[in-house]
Novice: 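The structure under discussion is supplied below as structure tokens; questions concerning it will follow.
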Number of protein chains: 4
Amino acid sequence: MTGIGHNTIAGDRLKSFIERVERLEGEKAEVSGQIKEVYAEAKASGFDAKTIRKVVGLRKKPTEERQAEEALLDRYMYALGMAALEE
Amino acid sequence: MTGIGHNTIAGDRLKSFIERVERLEGEKAEVSGQIKEVYAEAKASGFDAKTIRKVVGLRKKPTEERQAEEALLDRYMYALGMAALEE
Amino acid sequence: MTGIGHNTIAGDRLKSFIERVERLEGEKAEVSGQIKEVYAEAKASGFDAKTIRKVVGLRKKPTEERQAEEALLDRYMYALGMAALEE
Amino acid sequence: MTGIGHNTIAGDRLKSFIERVERLEGEKAEVSGQIKEVYAEAKASGFDAKTIRKVVGLRKKPTEERQAEEALLDRYMYALGMAALEE
DNA sequence: AACGCATAAGTAAGAC
DNA sequence: GTCTTACTTATGCGTT
């Protein structure tokens, strides 16, 4: 305690929180690196990484929801005379 | 005081650059606000803003390129047994 | 009314919204380009663009608020034994 | 080779890549959640999460580099007559 | 429940 | 050419 009301912060607790965050961010960065590696590997195997990203994104949503969104998009595109997405 | 070796920075020029940036950022913020307004208006008219965003995004790319990407995505989806995008 | 119940979307209104957005996004991109130019010019004049960005960011907040945040940061840093920001 | 020349994509390999990415993204999301929890806990303990974020950010850079950047920022601020950061 | 903030993701440009 | 860095957009979260 330094005395008269400033810097009475509980440094130890603060430090603990910060170190926990840092540790977790380290783990997160590791995982991000592994994801990059997978994409690099896929690319080296002849796949298109960008398209794989799209697929991964699409799979995050339930099929039903995805199809509904796709259908709405098609309707908009059609209304604009840009119906490139459908057959 | 430009004399004793520190803070000899040309404050006027610096200030000029900063004010130019600030002015431009102001304009940019204004335009961003107007874009938001358009989306709000579209929503109020019964359109889905998110889908409009998608359309705007799609229109940024040349038709040909967009279709090629779409086709590749379809092939990947098909290979995965998720061929929801096509008819 | 096109007839059989789908794609009755008001294509004209939709198109109008989209074109307004596109026009505004065009303006926005222009302004973004001008901002970039200013930074490039500043850099060419020997200034550090990154630092200028920081200054611009700091100036967005009222002085008072900024100083309060800075003071709190200093206290945290001090509590951690990292009091590099103050003299 | 499934047959007549299209969709000869190696679905199994593709699927494998995608599932690896998805698994890793799952892990990443978990870690992100844990980081959030730490911030929530810190907040509940009376700390300011935003400031902690700043501290974590500052600690990412070597002390020396951080101080050099800080010094430059101070010089710019001083040149602008905004020397709020120093004493 | 809507609004703005804050994080995360994707994209594009620049440095090595 | 790769790899990082910065910008833009999009989504999610907390707030009011």
Side-chain angles (χ1 to χ4, degrees), chain A residues 21 24-25 28-29 31-33 35-41 43-44 48-61 65-66 69 73, chain B residues 21 24-25 28-29 31-33 35-40 43-44 48-61 65-66 69 73, chain C residues 21-22 24-40 42-44 48-54 56-57 60-61 65 69, chain D residues 21-22 24-44 48-54 56-57 60-61 65 69:
Chain A
V21 170
L24 289 166
E25 287 200 353
K28 196 173 157 185
V31 178
S32 294
I35 292 173
K36 274 195 165 185
E37 282 173 35
V38 176
Y39 280 117
E41 211 182 310
K43 185 184 174 186
D48 181 66
K50 194 173 166 183
T51 305
I52 294 183
R53 283 182 193 277
K54 279 190 210 167
V55 173
V56 171
L58 289 172
R59 281 163 63 103
K60 279 179 185 160
K61 297 199 172 175
E65 193 180 339
R66 183 172 73 240
E69 290 180 4
L73 177 59
Chain B
V21 170
L24 290 166
E25 287 200 352
K28 195 173 157 185
V31 178
S32 293
I35 292 173
K36 276 195 164 183
E37 282 174 34
V38 176
Y39 280 115
K43 186 183 173 185
D48 181 66
K50 194 173 167 184
T51 305
I52 294 183
R53 284 181 193 279
K54 279 189 209 167
V55 173
V56 171
L58 289 172
R59 282 164 62 102
K60 279 179 186 162
K61 294 198 174 176
E65 192 179 339
R66 182 172 75 238
E69 290 180 4
L73 177 58
Chain C
V21 169
E22 284 174 339
L24 290 166
E25 286 199 353
E27 289 180 30
K28 194 173 160 188
E30 235 181 283
V31 177
S32 293
Q34 289 169 346
I35 292 173
K36 275 195 167 183
E37 281 174 34
V38 176
Y39 280 116
K43 186 182 174 185
D48 181 65
K50 194 172 166 183
T51 305
I52 294 182
R53 285 182 192 279
K54 279 189 209 167
V56 171
K60 279 179 185 159
K61 296 199 172 176
E65 193 180 338
E69 289 179 6
Chain D
V21 169
E22 284 174 339
L24 289 166
E25 287 199 352
E27 290 180 31
K28 195 173 159 186
E30 236 181 283
V31 177
S32 293
Q34 289 168 345
I35 292 173
K36 278 196 166 183
E37 282 174 34
V38 176
Y39 280 116
E41 211 183 310
K43 186 183 174 185
D48 181 65
K50 195 172 164 185
T51 305
I52 294 183
R53 284 182 193 279
K54 278 190 211 167
V56 170
K60 278 179 187 160
K61 295 201 172 173
E65 193 180 337
E69 290 180 4

Novice: Rounding to a whole Å, what distance do you find between D/E25:CD and F/dG12:C1'?
Specialist: 15 Å
Novice: What is the separation between atom CD1 on B/I35 and atom C1' on F/dA10, rounded to the nearest whole Å?
Specialist: 14 Å
Novice: Checking contacts here: which listed nucleotide (F/dT4, E/dA13, E/dG4) is nearest the side-chain heavy atoms of A/K36?
Specialist: F/dT4
Novice: Please state how far atom CD in B/E69 lies from atom C1' in E/dG10, giving the value in whole angstrom units.
Specialist: 13 Å
Novice: Any side-chain N or O of A/R53 below 4.0 angstrom from OP1/OP2 of E/dA9?
Specialist: no
Novice: Measure from NZ on A/K43 to C1' on E/dG10 and round the result to the nearest Å.
Specialist: 15 Å
Novice: Give, for atom CD of D/E25 and atom OG of A/S32, the distance between the pair rounded to the nearest 0.5 Å.
Specialist: 9.0 Å
Novice: Given that A/K61 and B/K28 both sit by DNA chain F, which one's nearest nucleotide is further toward the 5' end?
Specialist: B/K28
Novice: Could you state the atom-to-atom distance from CD1 of A/I52 to C1' of E/dT11 in whole Å?
Specialist: 17 Å
Novice: Measure the spacing between NZ of D/K50 and NZ of D/K54 and express it to the nearest 0.5 Å.
Specialist: 6.0 Å
Novice: What is the separation between atom NZ on A/K60 and atom P on E/dA8, rounded to the nearest whole Å?
Specialist: 12 Å
Novice: Would you kindly give the OH-to-P distance between B/Y39 and F/dT9, to the nearest whole Å?
Specialist: 9 Å
Novice: Provide the closest heavy-atom pair for D/V31 versus A/L24 in the form atom of the first, atom of the second, distance.
Specialist: CG1-O, 3.3 Å
Novice: Could you tell me how far apart D/E30 (CD) and E/dT7 (C1') are, to the nearest whole angstrom?
Specialist: 18 Å
Novice: Within this structure, what is the CG-CZ distance for the pair C/D48 and C/R53, rounded to the nearest 0.5 Å?
Specialist: 10.5 Å
Novice: So, does C/S32 get its side chain near the phosphate of F/dC7, meaning an N or O under 4.0 Å from OP1 or OP2?
Specialist: no
Novice: Which nucleotide in the set E/dT11, F/dT4, F/dC13 lies at the smallest distance from any side-chain heavy atom of A/K50?
Specialist: E/dT11
